[in-house]
Amino acid sequence: MDGRFETPRMHSLTSWILFLIAVQSLVAVDAPLYPLQHHDQWQLEDPAAWEWQGEGEATLLVLKKPSHYKPKFRRPFNLGWFGGTDLDSFTLTCEARLDVFNKGNNDVCIAFGGRSESEFYYAHLGETADGVHLQLHVVNNADRKAITTTRAKALPWKPGHWHPIKLVRDASSGSIKVWFEDQLVLEASDTTFAKGRIGFGSFDDLGAFRKVTITSASAQPALQVEVVAGGGTMIENAPATQCKVTQPFGIAFDPQDNMFICEETHRLLRVDAKTGVLNVVTSAKAKNAPAGDNGAAKDASFIAPHNLVADAEGNLFIADTYHYAVRRVDAKTGFVTTFAGNGSKELSGDGGPATSAGLDGLACLCFNHDFSKLFLGGFSKVIRVVDMKTAIITTVPGFGGSRAMAVDSKDSLFTTVGNGVRMLATDGKVTVLNDPSAAPLLKGVKHLWADREDNILIADAGNHLIRKFIVAERKLVTLAGVGEKGASGVPGLALQAQLGEPHGVVTHPRTGDIYIADSRNHRVLRLKQRP
């Protein structure tokens, strides 16, 4: 039956963020999803109205009593959402049952393309076609609107009987088709929402769902997360997971796969690729300690280094943030020198030697694909670049600065903007690539990295997430985190783990695994695809 709308009940931010990202954790590309087997991935708008029955393949999601949930707009009164990364083109199959038949037009509903509680499509599977029942609808921050182009006259619902249903969505064309008892009963074409979550429910009728399977080419590979450094009490000369790491900000790998970590607390660490043992390269020094140029790294000092990178020979370049300099550690001698910056907090020196330039609060470094240029980002409104052959520094023209930037294999330069990225191509053209449907909005981004497919990894510190912007598809997806600060869920599925303001994200140059500086949790994490 249909009903009336009343004022909405608001949900917590945490619930909605979990709702938006959880489905990515379940499967690999093109593999089927079995949503009912994962109770913890569901958001029920009125939990008291629902009941889980059975386990595994026999799981039922039962709408057992009328809901007290009051949506803002005319739409199903109660939906249970299988939350997660957005599905665009997919096939959903299930069986549905109506448990209570009233005098009116009984129904169940299948929602999809869900972006929020007021933005989604739904198939209204009523007994008899009329102005609202047995229709495909869109809810777009307004009362539902029918978009059906073709439909059956009635559905052969039977009390207590399980009916097979199939819904096919082709996001590229906008096509939506629904089958009931193997008969095509609803068709529409609409592109209001390119992608979103799926859900089940009704207005005020009762029923159940079982054997739900979703196949989608857009589902993201499941990722596992584990600690690779930090969490222990040892200082050094022990496995990295038994050592103490404090506020890691940057991660880099040399050509031998050794991992280097710079901490906001002034230290530089090294994890041996063969043994996994952590050693302190540079210990914390007082802020007024000598910088230690032209001496061994162990005697040098850094002030809150935010980032570091390695070149093809394994030389390290460190964003020594509050020395206002880029420091270089020679791979052969271990000696430290200043590569860029004169120690003053200013923007100066364009067209001259990098060591004579004033730099303003460095936060990010990145090489281009052949290591011929080193880009410097920070807290100012510009991006600087040093020619590695001439050591001359200039400002990148026509592209505003950012503390987070990346360069892909084509030498395109990226920063973040809105819910996507801003790209400066080698021809000087600036393009904004955005995903308006993604949520939550990027917030407090601290670092970017171009992976091996030239997609942009994002340390979304303000949301405690690791995101990926798929450049070719203009799609923003979440790889790790639940959207709230914490430390639980590690090891485990990346999308069920809590993070704490991650400040760094890189890929391993050989394996492609993703490494995260989980800064406020004082650890370094690794993301790997589920074996």
A123: what forms a side-chain contact (heavy atoms from CB on, under 4.5 Å) with it, not counting sequence neighbours? L125, L136, L167, V178, L186
D435 and salt bridge (Lys or Arg N to Asp or Glu O under 4.0 Å): which single residue from K475, R115, R474, K195 fits? K195
Could you check whether any side-chain N or O of E263 sits under 3.5 Å from a backbone N or O of T246, counting only pairs where one atom can act as donor and the other as acceptor? yes
For the atom pair SG (C109) and NE2 (H124), what is the distance rounded to the nearest 0.5 Å? 4.5 Å
Quick check: does any side chain N or O of R467 sit under 3.5 Å from a backbone N or O of L476, one acting as donor and the other as acceptor? no
In terms of heavy-atom contacts, I516 and A480 come closest through CD1-CB, 4.4 Å
Verify whether the ring centers belonging to W50 and W42 lie closer than 6.0 Å. no
Please table the atom pairs, donor to acceptor, closer than 3.5 Å between any side-chain atom in residues 53-66 and protein atoms at least two apart or in another chain.
| from | atom 1 | to | atom 2 | distance (Å) |
| --- | --- | --- | --- | --- |
| Q53 | NE2 | E51 | OE1 | 2.6 |
| T59 | OG1 | G56 | N | 3.2 |
| T59 | OG1 | G56 | O | 2.8 |

Nearest 0.5 Å, please: how far is OG1 in T128 from NZ in K153? 12.0 Å
Do we get R75 above Y122's six-membered ring, with its NZ or CZ under 6.0 Å from the centre and within 45° of the axis? no
Using the ring-ring contact (aromatic ring centres under 6.0 Å, His included) rule, collect all pairs that involve residues 165-192, keeping only residues at least two apart or in two chains. W157-F180, H163-F180
Verify the distance criterion only: is there a donor paired with an acceptor across the side chains of S202 and D107 at less than 3.5 Å? yes
Near D182 CG, under 6.0 Å, is it more than 12 heavy atoms from other residues, nucleotides or ligands? no
Apply side-chain hydrogen bond (donor to acceptor under 3.5 Å, both in side chains) to D190 and list each qualifying residue two or more places apart in sequence or on a separate chain. Y121, T192
H133 and D130: which non-hydrogen atoms are nearest, and at how many Å? N-OD1, 2.6 Å
Is it the case that S488 and Q498 place a side-chain donor and acceptor less than 3.5 Å from each other? yes
Any sub-3.5 Å donor-acceptor pair from D143's side-chain atoms to R74's backbone N or O? yes
Atom CG of L441 and atom OG1 of T416: how far apart are they, to the nearest 0.5 Å? 11.5 Å
Closest heavy-atom pair, A229 versus I261, reported as atoms and distance to 0.1 Å, is CB-CD1, 4.1 Å
Sorted by chain and residue number, the side-chain hydrogen bond (donor to acceptor under 3.5 Å, both in side chains) partners of T415 (sequence neighbours excluded) come out as none
Check: S175 and R169 side chains under 4.5 Å, non-hydrogen atoms: no
Looking at K446, is its backbone amide N or carbonyl O close enough to the side chain of H503 to form a donor-acceptor pair, meaning the two atoms are under 3.5 Å apart? no
Testing the basics here: between V245 and H522, what is the closest heavy-atom pair and its distance to 0.1 Å? O-CB, 2.9 Å
Is there a side-chain contact between V132 and F203 in this structure, where contact means two heavy atoms from C-beta onward sitting under 4.5 Å apart? no
Can you see which heavy atom on P76 is nearest to which on P71, and at what distance? O-CG, 3.9 Å
Is there side-chain contact between T149 and S189, with at least one heavy-atom pair below 4.5 Å? no
Applying side-chain hydrogen bond (donor to acceptor under 3.5 Å, both in side chains), name anything that partners K410, two or more places apart in sequence or on another chain. D454
